[in-house]
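Sequence lines set the chain letters: A, B, ... in the order given, protein chains first and strands last, and positions in each chain run from 1.
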Protein chains: 2
Amino acid sequence: MQELDIGEVARQSGLAASTLRYYEARGLIRALGRRGLRRSFGVEVLEKLSLIALGQAAGFSLAEIAAMFAPDGHLQIDRPKLLARADQVDRSIRRLTALRDGLRHAAVCQAPSHLECPSFRRLMQAAARGAIRSPEPADTKAPLSLPTGARTSRRRRPPPAPA
Amino acid sequence: MQELDIGEVARQSGLAASTLRYYEARGLIRALGRRGLRRSFGVEVLEKLSLIALGQAAGFSLAEIAAMFAPDGHLQIDRPKLLARADQVDRSIRRLTALRDGLRHAAVCQAPSHLECPSFRRLMQAAARGAIRSPEPADTKAPLSLPTGARTSRRRRPPPAPA
DNA sequence: GTGCCAACTCAAGTCCACTTGAGGTCAAGA
DNA sequence: TCTTGACCTCAAGTGGACTTGAGTTGGCAC
């Protein structure tokens, strides 16, 4: 089996060598062994890096991604989890769609100032309610990630009825 | 004009008082003055906080949001900028849509393992190319934000043709 | 043998948007 | 008078995903 040194993996994956070392330290990838000092990786690592990239794109943290690999390094995702994440992405899409439409409207709206444009104001209020706040960190309620006291929600209390 | 102390603003906006002090330090909001030690805010601050929330939802950094207020504190967004951001959001939406569909497919796909599902593999490859990487920080190419040596793109080089 | 370069380790730094903690001030109520 | 509680300042900490820097090692070409 072909062995790649870290520089080669970096070139082929587009990631920095430091990133690869970091992933290794976090247990996301593993070198076959060493040649002298140097790590040598099997080609499968490239596939694994693609998986990691996918997980990141789907909004999972590195810790969550790590948990999706079985101890032997093989992929082990439960499908319900995938579906749950898909739904979350779907909600993000809806929020972003509202945002996009609002922005477009505000851009062409004839009101003398944004603050006088009702559509813009609706958007503002929605944002203030936290109804738009974009792509939340994957938090499927299945605490795969370490209990970090997550930086999940900024707004603490829903504001009461408008005074 | 009615004056609110920081606790009242916190209650009505749902933000922590520390956040409000932080926003003030960053020049995003301004107190009318002090009553003794205590800041006193005008009611307009609530509207401004909504605007800030909207800006954040649209993916702007606090520095960028600050730049959208004229020195006198009034709103000053150029409409082309809004459109540009709307387009960016639109691209995010497309990426997320692909992602969602891919996740759903993978969840129901009958292939014995995800790695053998062609659809999943396509998604992986796209992610590895950086084609999915979610909602980029608003970076309209108009450097409103301080030149921070931005943490914008993780992947450094596009990987070359598959070896 | 010696010079170079790519890899190595380990600690510390970066970015962003806040939060936390320690220690201080002040007005109002008991 | 004393206490309480809300506010204050300023410095430092947080989390996630990396990057950077300093100092070291080892293989290969010359």
_Let me spell it out: for each of A/G36 and A/T19, pick the nucleotide of DNA chain D with the closest heavy atom. Which residue's pick is nearer the 5' end?_
A/T19
*Starting from the 5' end of DNA chain D, give me the residue, A/L37 or A/Y22, whose nearest nucleotide shows up first.*
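Looking at DNA chain D, the more 5' nearest nucleotide goes with A/Y22.
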Does [N] have its OP1 or OP2 closer than 4.0 Å to a side-chain nitrogen or oxygen of [X]?
X: A/R39; N: C/dA6; value: no
X: B/S18; N: C/dC18; value: no
X: A/R34; N: C/dT9; value: yes

Do [X] and [Y] have side-chain heavy atoms sitting under 4.5 Å apart?
X: A/F120; Y: B/L51; result: yes
X: A/Q56; Y: A/L62; result: yes
X: B/H74; Y: A/L115; result: no

Distance in angstrom units between [X] [atom1] and [N] [atom2], rounded:
X: B/I6; N: C/dT19; atom1: CD1; atom2: P; result: 12 Å
X: A/L20; N: C/dA6; atom1: CG; atom2: P; result: 16 Å
X: B/I29; N: C/dC18; atom1: CD1; atom2: P; result: 11 Å
X: B/L4; N: D/dA6; atom1: CG; atom2: P; result: 17 Å
X: B/D5; N: D/dG5; atom1: CG; atom2: P; result: 16 Å
X: B/R35; N: C/dT25; atom1: CZ; atom2: C1'; result: 17 Å
X: A/L49; N: D/dC18; atom1: CG; atom2: P; result: 11 Å
X: A/E24; N: C/dC8; atom1: CD; atom2: C1'; result: 11 Å

*Do B/R30 and B/K48 pass the side-chain contact (heavy atoms from CB on, under 4.5 Å) test, and can you show the C-alpha distance, the side-chain angles, and the key distance before you say yes or no?*
CA-CA 10 Å; B/R30 202 153 51 191; B/K48 208 152 181 193; over 6 Å; no
*Is it true that A/R91 and A/D87 make a salt bridge, defined as a side-chain N closer than 4.0 Å to a carboxylate O?*
no
_Bending between helix ends of the helix from C/dG1-D/dC30 to C/dA30-D/dT1 [5 pairs per end, 10° resolution]_ =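 Roughly 30°, once rounded to the nearest ten degrees.
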Looking only at the side chain of [X] (C-beta and beyond, no hydrogens), which of the listed nucleotides [options] gets closest?
X: B/Q56; options: D/dA17, C/dA17, D/dC7; answer: C/dA17
X: B/A16; options: D/dA17, D/dG26, C/dT19; answer: C/dT19
X: B/S61; options: C/dA17, D/dA17, C/dC8; answer: C/dA17
X: B/R21; options: D/dC8, C/dA7, D/dA6; answer: D/dC8
X: B/Y23; options: C/dC18, C/dT19, D/dT19; answer: C/dC18

*Polar side-chain contact A/R38-C/dA6 base: donor and acceptor under 3.5 Å*: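 Indeed there is one.
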Sequence neighbours excluded and cut-off under 3.5 Å, please list the side-chain donor-acceptor pairs for residues 34-43 of chain A, or say none.
{"unit_1": "A/R34", "atom_1": "NH1", "unit_2": "A/L37", "atom_2": "O", "d": "2.6"}
{"unit_1": "A/R39", "atom_1": "NE", "unit_2": "A/E24", "atom_2": "OE1", "d": "2.6"}
{"unit_1": "A/R39", "atom_1": "NH2", "unit_2": "A/E24", "atom_2": "OE1", "d": "3.2"}
{"unit_1": "A/S40", "atom_1": "OG", "unit_2": "A/E3", "atom_2": "OE1", "d": "2.5"}

*Honestly curious: do B/L83 and A/L96 fall in one hydrophobic cluster under the side-chain, below-4.5 Å linking rule?*
no
*Measure the OG1-CD1 distance between A/T97 and B/I93 for me, rounded to the nearest 0.5 Å.*
3.5 Å
